[in-house]
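Since the structure comes first, as structure tokens, the remarks are kept for the end.
Each chain gets a letter, A, B and so on, in the order the sequences are listed, and its residues count up from 1.
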Amino acid sequence: MAWFKKSKNNIAEEKPELWNICPSCKAHIFKEEWAAGLKVCPKCNYHDRLTYQERIDLLLDDGSFKEINAEVSTNDPINFIDAKGSYAKKAAATKKKINMNEAVVTGCGNINDIPVVVAIMDFRFMGGSLGSGTGEKILLAAEYALRNKRPYIIFSASGGARMHEGIISLMQMAKTCAAIARLNKAGVPYFSVLTHPTTGGVSASFATIGDLNIAEPGALIGFAGRRVIEETIKQKLPADFQTAEYLLEHGFLDKIVARKDMKDFFAQLLPYAIKSPKRRR
Amino acid sequence: MAWFKKSKNNIAEEKPELWNICPSCKAHIFKEEWAAGLKVCPKCNYHDRLTYQERIDLLLDDGSFKEINAEVSTNDPINFIDAKGSYAKKAAATKKKINMNEAVVTGCGNINDIPVVVAIMDFRFMGGSLGSGTGEKILLAAEYALRNKRPYIIFSASGGARMHEGIISLMQMAKTCAAIARLNKAGVPYFSVLTHPTTGGVSASFATIGDLNIAEPGALIGFAGRRVIEETIKQKLPADFQTAEYLLEHGFLDKIVARKDMKDFFAQLLPYAIKSPKRRR
Amino acid sequence: MDLDFEAPLLDIENRIAELEELGSGSEIKFRSEITELRRKAKSISKKIYKNLTPWQTVQVARHKDRPLINDYIKNICSNFIELHGDRCYGDDQGIIGGFATIGNRQVMLIGHQKGKSVEENLECNFGMANPEGYRKALRLMRLAERYKLPVVSLIDTPGAYPGLEAEERGQAEAIARNLAEMSQLETPIVIVITGEGGSGGAIGIGVGDSIIMLENAVYSVISPEGCASILWRDGSKAPLAAEALKVTSDELLKLKVIDEIIPEPAGGAHRASDETMMAVKQTIVKHIDRLKRVAPTKLINKRYEKFAALGRFGKKKR
Amino acid sequence: MDLDFEAPLLDIENRIAELEELGSGSEIKFRSEITELRRKAKSISKKIYKNLTPWQTVQVARHKDRPLINDYIKNICSNFIELHGDRCYGDDQGIIGGFATIGNRQVMLIGHQKGKSVEENLECNFGMANPEGYRKALRLMRLAERYKLPVVSLIDTPGAYPGLEAEERGQAEAIARNLAEMSQLETPIVIVITGEGGSGGAIGIGVGDSIIMLENAVYSVISPEGCASILWRDGSKAPLAAEALKVTSDELLKLKVIDEIIPEPAGGAHRASDETMMAVKQTIVKHIDRLKRVAPTKLINKRYEKFAALGRFGKKKR
Ligand SMILES: [Zn+2]
Ligand SMILES: [Zn+2]
């Protein structure tokens with residue numbers, strides 16, 4: 001085994017373009033296999049981050065996605081400048097690099113012909129941080145779901161608030177939760193899917209108050225950072241701390257659903273949540 | 001001290017009619033002092049059981065109490081007979097002895113001129129057990145409070161369900177809670193005061209779902225009996241287990257109020273809960 | 001765990017099993033003997049089960065082979081989606097629940113889980129739920145209300161767990177809260193007592209519009225053993241207590257605590273799982289269809305009156 | 001904990017204290033000198049406090065002598081009845097609450113408790129609440145809604161407690177739930193940021209109709225130290241971060257995150273507790289009286305629009 005691993009590593013070093021290294025267990029997996037496995041490590045079941053486009057492809061019926069509010073973009077409400085320069089420049093560079101306007105993409109689409117509204121966060125955009133544009137898009141999509149009485153599904157992936165927007169970022173927590181509360185009141189279903197990682201201000205707002213809270217296996221989910229907690233309580237945290245499995249055990253998740261089963265899961269779930277002629281005979 | 005105690009005991013033995021022995025700390029207290037202290041031990045603060053009449057005298061404005069549904073009495077729905085004989089006979093004897101029809105007395109009265117509806121359990125009546133008559137009176141008083149939009153206060157003192165009435169006793173839990181739920185829905189205040197002891201079926205129904213849960217100091221409050229729990233978990237329970245203080249710490253009580261302060265407490269509380277011309281100017 | 005009063009029946013069943021094994025492969029061998037034994041078994045089981053004492057019924061209700069919630073989920077539900085957690089402290093396995101489809105009716109199913117294997121027994125605490133279980137059940141019922149799904153609750157528990165931590169986390173409050181909330185839930189609630197209806201632990205998810213009971217299930221304010229040890233000062237007097245407490249379905253129907261009895265095949269549900277579950281399914285469907293036609297406000301008022309009338313004897317001022 | 005930028009002021013104050021002690025008993029001695037020093041102190045404090053940097057304001061907001069919730073309860077409330085418990089797990093002292101009467105208005109008061117003495121600090125975790133605190137607050141707010149009492153929430157926390165058990169019991173969920181529920185609470189909610197408005201721990205009881213802030217209070221998405229250590233990779237750059245984050249009341253008013261600033265006497269609230277609290281009282285009363293005239297549905301819609309508008313720049317499709 002050691003020999004095989006070594007040899008595989010050597011091969012990987014020789015032809016790096018062919019190999020992907022699992023961020024969790026460091027196994028070397030053929031890029032083709034990695035992609036075919038939906039970026040889930042065949043060795044350790046690590047669910048690697050997806051781009052919003054990959055998520056849409058996995059979740060929605062082919063060609064059914066229509067983006068809404070694509071033009072909503074970042075703002076720089078406090079003209080923020082840190083050690084590395086201005087937020088405005090950083091945001092502009094990010095937008096250009098990954099061709100997104102904000103850390104979330106919203107729109108409508110179908111899951112097995114059932115219309116839904118989705119908001120899909122993308123960690124590549126400043127760590128999926130909750131900026132004013134992010135919050136605005138999540139709220140606007142909720143309002144769209146409310147008007148059209150369609151189930152709303154948010155896929156979270158976020159390091160938390162976007163501190164470059166200061167207090168305005170904090171306010172997005174209240175803003176998005178207010179939008180969800182309106183759905184609750186109107187009986188419009190809202191499902192939260194927490195993917196790796198969902199922490200800080202996003203965990204403490206829309207991501208944990210789904211009618212159902214779903215998570216991908218192994219996803220890191222928590223309010224405070226591991227380091228901050230360890231410094232505060234002066235002790236080491238258990239290895240499984242803040243994993244999806246840990247949250248399930250502590251009562252905060254309804255279910256852990258593997259990536260490959262996610263669409264089927266929603267196809268099975270949605271009929272319980274929506275009124276249709278076929279429903280309840 | 002030992003000498004004094006001994007001598008006091010001797011005196012008590014000589015003139016037992018003058019002394020009361022605290023059920024908790026076994027201190028010998030002059031009966032006069034015991035009564036003047038509202039049956040609260042001056043040594044250990046043990047709040048001894050009160051009769052319904054004593055409770056009414058302490059809580060309500062003089063002469064304001066009017067009993068309702070006094071005629072509701074015990075029933076023997078399952079013709080229960082145990083080792084010691086029939087429930088019917090036992091109930092009849094109890095009624096005669098303490099001149100009560102059931103383990104609770106209900107009615108209306110005033111606290112500092114504020115009209116309230118009260119239900120006051122009396123442990124002397126078969127351990128304050130929840131029989132069908134008990135449940136019926138608690139429900140009827142709740143309906144009276146609902147019709148008249150008056151705050152409802154229940155003083156609990158009960159060992160739990162009255163097993164002599166079998167399943168009908170269990171049903172009183174659901175029945176009384178349904179009555180309380182109606183008050184909740186209508187915004188009519190309901191306050192629960194848990195006195196020593198409040199356990200079993202009464203703790204698991206109306207007694208723990210007050211808008212506020214109040215308790216007297218040291219009151220035993222719990223679902224399962226101490227012995228049953230110790231047998232189940234095979235370990236000794238802490239001394240303060242299931243005390244009012246313990247429940248406060250665990251989030252199930254709003255406040256512990258000493259007997260002597262109870263009326264003043266409600267006089268202070270009630271204006272927050274009722275609409276009156278003076279209210280919120 | 002054999003039931004001693006079933007001894008004559010078990011003898012015949014064992015003999016049938018023997019003959020079947022001996023004759024395996026051969027179709028004709030012992031055929032008539034087996035047929036005759038089966039006829040006999042049926043007749044004996046009818047006789048035994050017609051005359052069960054209350055204490056014997058308690059034992060049948062507790063039989064380890066009686067269908068449990070997981071059997072119902074497997075056999076009479078489709079598209080079951082288990083939902084976890086109380087959103088506060090944990091996920092209790094003593095009560096489980098989730099979306100389910102029963103005969104094309106979408107429902108929220110909740111119920112006690114006793115477990116079959118020893119590991120399962122331990123994991124779900126033999127169906128003795130903790131406060132988390134009751135709080136999870138309430139969360140799911142509120143979700144059902146929002147999605148306009150009827151609630152189906154299967155009762156089978158020795159009682160709520162009497163543990164130190166259960167008390168600390170408010171066993172009493174959790175049950176009481178459910179009693180209050182279920183009385184006002186704006187969606188039909190169908191209760192089926194399938195095995196043991198153990199006291200507060202049972203009624204904690206037992207308030208509803210239709211209260212149905214399997215023939216050999218029991219429902220009681222206290223276990224016969226507990227009652228005997230208090231009132232007879234002798235736990236072994238449980239058979240006397242079981243009789244005195246009136247814990248059987250026929251008595252409960254008379255007392256109007258339940259609305260309907262689902263008959264069990266002779267020999268009990270533990271001998272005819274599939275047949276029993278099918279009967280339960282049909283009864284649930286019937287009640288759901290009836291209750292769905294009632295307007296929510298009326299439903300809640302009727303539910304209130306139903307429980308208010310329990311233990312009301314004679315005319316009362318209201 | 002002296003504030004270094006207050007040094008000139010503290011010198012004078014110390015000198016005044018000395019003279020007062022020396023001259024005690026005698027009315028005339030040092031009188032003119034003390035008067036002169038007082039005049040000087042006033043002028044210097046005005047000067048210092050007019051030009052506080054954001055980082056200095058952070059230090060003022062954290063000053064140990066600033067009025068805390070218990071001071072407000074003692075000084076501007078009557079008939080306070082503290083209510084305990086989340087009805088689920090415990091009673092957190094990092095957030096306290098209860099019925100209170102403020103200027104004849106009956107309210108439900110909630111707020112962070114930091115504590116004065118070391119024992120108090122430890123008991124209430126320096127105002128860093130656990131999930132139980134947020135859940136208790138929600139329970140009290142729902143009670144206020146039922147009794148038609150306005151909610152007054154006093155914010156003063158370094159943040160929600162980052163502990164192992166806090167995570168286990170759902171710190172994130174508890175805060176999120178409050179955000180959602182407060183946005184729909186059918187009673188007026190008045191928020192006053194009296195000291196530190198620390199991130200999620202602050203907004204967890206900070207959604208309301210009127211958001212008011214004491215002049216030298218701060219409100220931020222992250223502590224300046226935390227921000228500096230992440231974005232400057234150096235915690236000692238907190239003064240820079242404090243400036244960049246725009247945490248002071250004047251900036252927050254411009255951003256429309258708050259509706260009103262309550263001015264503090266020169267020298268800060270820690271020098272003029274009574275005066276500050278009286279100003280807070282009057283402002284609370286004013287807002288309650290205004291909000292009570294708004295119909296509940298309108299109130300909730302306006303509250304929604306208020307938060308929806310935060311971080312909305314330019315015209316958006318809706
Ligand atoms: Zn891996
Ligand atoms: Zn004593």
Side-chain angles (χ1 to χ4, degrees), chain B residues 68-69 72 75 77-78 80-84 131-133 135-136 139-140 143 161-182 184-185 199-201 203-209 221-225 228-229 232-233 235 237 241-242 246 250-252, chain C residues 159-184 197 199-200 202-204 206-207 219-222 226-228 230-234 237 240-241 244-247 251-252 255 257 303-304 307-314 316-318:
Chain B
I68 56 174
N69 301 303
V72 178
N75 298 287
I78 58 170
F80 190 84
I81 299 177
D82 65 25
K84 288 186 194 157
S132 56
E136 176 77 356
L139 174 131
L140 291 174
E143 292 183 344
R162 189 178 299 163
M163 60 188 120
H164 312 74
E165 296 193 14
I167 196 77
I168 295 297
S169 168
L170 187 70
M171 292 301 124
Q172 303 312 304
M173 291 169 62
K175 175 171 173 170
T176 52
C177 285
I180 299 305
R182 277 200 167 179
N184 295 165
K185 204 177 180 185
T199 60
S203 79
S205 61
F206 55 86
T208 47
I209 54 169
I221 304 165
F223 176 64
V228 172
I229 299 171
T232 304
I233 64 171
Q235 63 183 80
L237 294 167
F241 186 66
Q242 294 185 327
Y246 181 92
H250 285 95
F252 296 99
Chain C
Y161 186 59
L164 184 149
E165 295 199 359
E167 295 283 323
E168 269 186 8
R169 296 197 299 272
Q171 190 71 284
E173 194 270 350
I175 291 172
R177 185 72 56 200
N178 280 13
L179 297 180
E181 297 280 334
M182 291 181 89
S183 77
Q184 288 286 333
S199 192
I203 202 165
V207 176
Y219 196 5
S220 180
V221 66
I222 184 169
C227 180
I230 297 171
L231 294 184
W232 276 261
R233 301 198 174 277
D234 178 359
K237 292 289 193 296
L240 287 179
L245 284 167
K246 308 274 196 295
V247 300
E251 297 283 357
L252 295 170
L255 288 164
V257 167
R303 195 185 301 151
Y304 180 86
F307 281 88
L310 289 172
R312 171 170 296 157
F313 303 94
K316 299 285 150 54
K317 275 188 249 174
R318 288 191 78 190

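- With a 4.5 angstrom heavy-atom cutoff, C/Ser199 touches chain B via backbone and side-chain atoms both.
- A 4.5 Å side-chain heavy-atom check between C/Gln184 and B/Lys185 finds at least one atom pair inside the cut-off.
- Proximity to chain B (any heavy atom under 4.5 Å) is shown, for C/Arg303, by neither the backbone nor the side chain.
- Each of C/Asn178, C/Val257, C/Asp234, C/Leu231 has some count of heavy-atom pairs under 4.5 Å with chain B, and the biggest count is that of C/Leu231.
- Contact tally against chain B (heavy-atom pairs below 4.5 Å) for C/Gly226, C/Gly200, C/Ala160, C/Gly170: the top residue is C/Gly170.
- In this structure, the side chains of B/Met163 and C/Ile230 come closer than 4.5 Å at one or more pairs of heavy atoms.
- For the residue pair C/Ala176 and B/Ser205, the shortest heavy atom distance occurs at CB-O, 3.2 Å.
- Listed for the C/Lys246 side chain is no donor-acceptor partner under 3.5 Å among the backbone atoms of B/Gly166.
- To the nearest 0.5 Å, atoms CD1 (B/Ile78) and CG (C/Leu252) are separated by 9.5 Å.
- Per-residue counts of heavy-atom pairs under 4.5 Å with chain B were compared for C/Gln171, C/Glu251, C/Glu181; the largest is that of C/Gln171.
- Of the two parts of B/Ala179, the backbone and the side chain both hold a non-hydrogen atom closer than 4.5 Å to a non-hydrogen atom of chain C.
- Of all non-hydrogen atoms in C/Ala308 and B/Leu139, the two that sit nearest each other are CB-CD1, 3.9 Å.
- Remark: the B/Tyr246 side chain and the C/Glu167 side chain contain no N/O donor-acceptor pair separated by less than 3.5 Å.
- When each of C/Leu164, C/Leu245, C/Val247 is checked for heavy-atom pairs under 4.5 Å with chain B, C/Leu164 comes out on top.
- Here the side chains of C/Phe307 and B/Thr176 are not in contact, with every heavy-atom distance at 4.5 Å or above.
- The candidate with the highest count of non-hydrogen atom pairs below 4.5 Å against chain C, out of B/Phe206, B/Phe241, B/Phe223, is B/Phe223.
- Heavy atoms of C/Glu173 lying under 4.5 Å from chain B belong to its backbone as well as its side chain.
- Counting only heavy atoms from C-beta outward, the side chains of B/Met171 and C/Tyr219 approach each other to under 4.5 Å.
- Side-chain atoms of C/Val207 and B/Lys175, non-hydrogen and from C-beta on, never get closer than 4.5 Å to each other.
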Open item on the list: What verdict does the side-chain contact (heavy atoms from CB on, under 4.5 Å) test give for B/Glu136 and C/Leu310, after you've listed the backbone C-alpha separation in whole Å, the side-chain angles of each residue and the deciding distance to 0.1 Å?
Closed with: CA-CA 9 Å; B/Glu136 176 77 356; C/Leu310 289 172; over 6 Å; no

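- For chain B, the nearby part of C/Ile222 is the side chain; its heavy atoms alone come within less than 4.5 Å.
- Among all heavy-atom pairs drawn from C/Gly163 and B/Ile229, the shortest one is C-CG2, 3.9 Å.
- For B/Ala83 against C/Trp232, the heavy-atom pair with the smallest separation is CB-CD1, 3.5 Å.
- Neither the backbone nor the side chain of B/Glu165 comes within less than 4.5 Å of any heavy atom of chain C.
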TODO: Decide yes or no on side-chain contact (heavy atoms from CB on, under 4.5 Å) for C/Ile175 and B/Met173, but give the supporting numbers first.
DONE: CA-CA 10 Å; C/Ile175 291 172; B/Met173 291 169 62; 4.3 Å; yes

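- Each of B/Ile81, B/Thr232, B/Ile167, B/Thr208 has some count of heavy-atom pairs under 4.5 Å with chain C, and the biggest count is that of B/Ile167.
- With contacts defined as side-chain heavy-atom distances shorter than 4.5 Å, the pair B/Pro77/C/Phe313 qualifies.
- Put simply, of C/Ala172, C/Ser183, C/Ala174, the one with the most heavy-atom pairs under 4.5 Å next to chain B is C/Ala172.
- Of the listed residues (B/Ile168, B/Ile180, B/Ile209), the one with the most heavy-atom contacts under 4.5 Å to chain C is B/Ile209.
- In this structure, B/Cys177 SG and C/Met182 CE are separated by 12.0 Å, a value rounded to the nearest 0.5 Å.
- When every heavy atom of B/Phe80 is checked against every heavy atom of C/Cys227, the shortest pair comes out as CZ-SG, 4.2 Å.
- Nearest heavy atom pair, residue C/Val221 against residue B/Ser169, reads CG2-OG, 4.1 Å.
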